[in-house]
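Labels below follow one simple rule: chain letters A, B, ... track the order of the sequence lines, proteins then strands, and each chain is numbered from 1.
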Protein chains: 2
Amino acid sequence: MTADQTGVAAWESLLRVHAALVPILDREVQRATGLPLAWYDVLLELNSAPNRRLRMTDLADRVVLSRTRVSRIVDELVSHGLVARDDNPADRRSAYAVLTAEGRRRFRAAAPVYLAGIARHFSDQLTQVEANAVRSAMRKVLRAQRG
Amino acid sequence: MTADQTGVAAWESLLRVHAALVPILDREVQRATGLPLAWYDVLLELNSAPNRRLRMTDLADRVVLSRTRVSRIVDELVSHGLVARDDNPADRRSAYAVLTAEGRRRFRAAAPVYLAGIARHFSDQLTQVEANAVRSAMRKVLRAQRG
DNA sequence: AGCTTGTGTGTGCGCACGCACCTATGGTAG
DNA sequence: CTACCATAGGTGCGTGCGCACACACAAGCT
């Protein structure tokens with residue numbers, strides 16, 4: 001197998017893993033916690049942000065979703081009391097999404113379910129060396145993408 | 001970093017790579033060849049199938065798409081003359097999707113563009129050892145999934 | 001101040017996607 | 001042969017998603 005074929009095969013297997021696992025994880029999280037995966041992602045990023053708040057654009061950059069989609073998901077989270085929209089006094093164009101106490105609680109409840117799902121369907125199939133190899137390869141690809 | 005954190009980080013970086021590259025490859029293929037990525041995937045599987053034909057269900061199993069979606073994409077491909085629906089004389093419930101000569105021609109024209117995109121955005125960032133590591137890790141995950 | 005350009009968000013709209021359901025045929029038991 | 005369940009495939013419909021656009025504000029230049 002040539003180098004080119006190996007790279008293509010790696011990419012195609014990555015696509016298959018993504019297609020197989022994402023729906024499974026989504027269902028598992030939603031069944032166990034009531035949170036769609038996209039909501040969870042947003043809560044996760046907000047939870048790990050300074051003051052548990054992010055401007056919409058920054059949030060969209062961190063989450064694997066378009067800015068448009070983030071705007072709408074934040075709408076839904078606000079209507080469920082998990083997130084609040086907060087004005088930015090330094091720039092009246094921008095809005096902060098801030099995690100509420102309830103949002104934080106729901107996130108903390110959901111996190112173990114999500115992590116367990118990743119472990120069961122993904123990490124547990126790999127040695128730590130393999131997982132590290134995947135992570136470092138993905139980071140190299142991402143770094144090239146941004147540059 | 002614990003084993004668990006490494007696995008989760010690997011999964012999250014995989015999600016980011018997928019989210020970043022798929023739209024780029026889709027645009028590149030579509031701009032250069034007029035074929036949406038989903039069409040390309042279907043043509044690819046048909047092209048490498050025996051007699052360049054597959055039953056709808058088998059096609060859906062191979063492609064990273066639902067059976068529903070495949071049915072509709074085959075409709076579009078038929079209306080563009082790239083694929084034909086063929087009856088299966090042995091089982092009148094089932095239908096074959098068969099690559100036409102024109103479909104084969106279009107696929108062959110598109111393949112280099114797609115492969116070049118994968119190389120440029122993905123494979124070229126990795127050594128062959130790294131690409132092989134990713135491929136073998138993904139296969140292990142997939143194997144566990146099916147079993 | 002006025003004008004221009006750039007940035008941060010929200011929204012109308014159309015496409016992609018898959019679930020639930022339906023029909024048609026095949027296979028099997030009695 | 002009839003009854004029944006399983007399998008192949010297509011379709012109505014709702015949802016997720018992002019592009020293109022609109023709008024508000026910021027920042028810099030003359």
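Residue R92(A) contributes atom CZ, which lies 13 Å from atom P of dA27(D) at whole-angstrom precision. Taking atom CG of residue D87(B) and atom P of nucleotide dG9(D), one finds them 11 Å apart after rounding to whole Å. One interatomic measurement links the two molecules: CG of D58(A) to C1' of dT9(C), which rounds to 13 Å at whole-angstrom precision. Between the P atom of dA16(C) and the CG atom of D75(B) lies a distance of 13 Å, rounded to the nearest Å. The interatomic distance linking N88(A) (CG) with dA24(D) (P) rounds to 19 Å, in whole Å. The separation between L54(B) atom CG and dG9(D) atom C1' is 15 Å, rounded to whole Å. Residue R53(B) contributes atom CZ, which lies 13 Å from atom P of dG9(D) at whole-angstrom precision. The interatomic distance linking Y96(A) (OH) with dG10(C) (C1') rounds to 19 Å, in whole Å.
The shortest distance between side-chain heavy atoms of V83(B) and R52(B) does not fall below 4.5 Å.
Salt bridge D86(B)/R53(B): present, at least one basic N to carboxylate O contact under 4.0 Å.
No hydrogens or angles considered: a donor-acceptor pair under 3.5 Å links the side chains of H121(A) and E28(A).
OP1 or OP2 of dG10(D) has at least one side-chain nitrogen or oxygen of S71(B) nearer than 4.0 Å. Residue S94(A) places no side-chain N or O under 4.0 Å from the OP1 or OP2 atom of dT7(C).
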Side chain to side chain contact (heavy atoms under 4.5 Å, CB included) between W39(A) and L82(A), worked out
CA-CA 10 Å; W39(A) 288 23; L82(A) 307 184; 4.3 Å; yes
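The salt bridge (Lys or Arg N to Asp or Glu O under 4.0 Å) search around R55(A) returns D58(A), not counting sequence neighbours.
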Can you list, pair by pair, the side-chain donor-acceptor contacts under 3.5 Å of residues 131-142 of chain A, counting residues two or more places apart and other chains?
| unit_1 | atom_1 | unit_2 | atom_2 | d |
| --- | --- | --- | --- | --- |
| K140(A) | NZ | E130(B) | OE1 | 2.9 |
| K140(A) | NZ | E130(B) | OE2 | 3.0 |

Sugar-phosphate or base contact per nucleotide [nucleotides 13-19 of chain D; S, B, -; heavy atom under 4.0 Å]
---SBBB
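Here the side chain of R55(A) is nearest to one of dG8(C), dT11(C), dC25(D), namely dG8(C). In this structure, the nucleotide among dG10(D), dG10(C), dG26(C) sitting nearest to the side chain of R85(A) is dG10(C). Of the candidate nucleotides dC25(D), dG10(C), dA8(D), dG10(C) has the atom lying nearest to any side-chain atom of A95(A).
Relative orientation of the H18(B) and H18(A) rings is parallel, given thresholds of 30° and 60° on the angle between their planes.
Within 4.0 Å of D91(A), counting heavy atoms only, lie sugar-phosphate atoms of the nucleic acid but no base atom.
A donor and an acceptor atom sit less than 3.5 Å apart, one in the side chain of R93(B) and one in the base of dT7(D).
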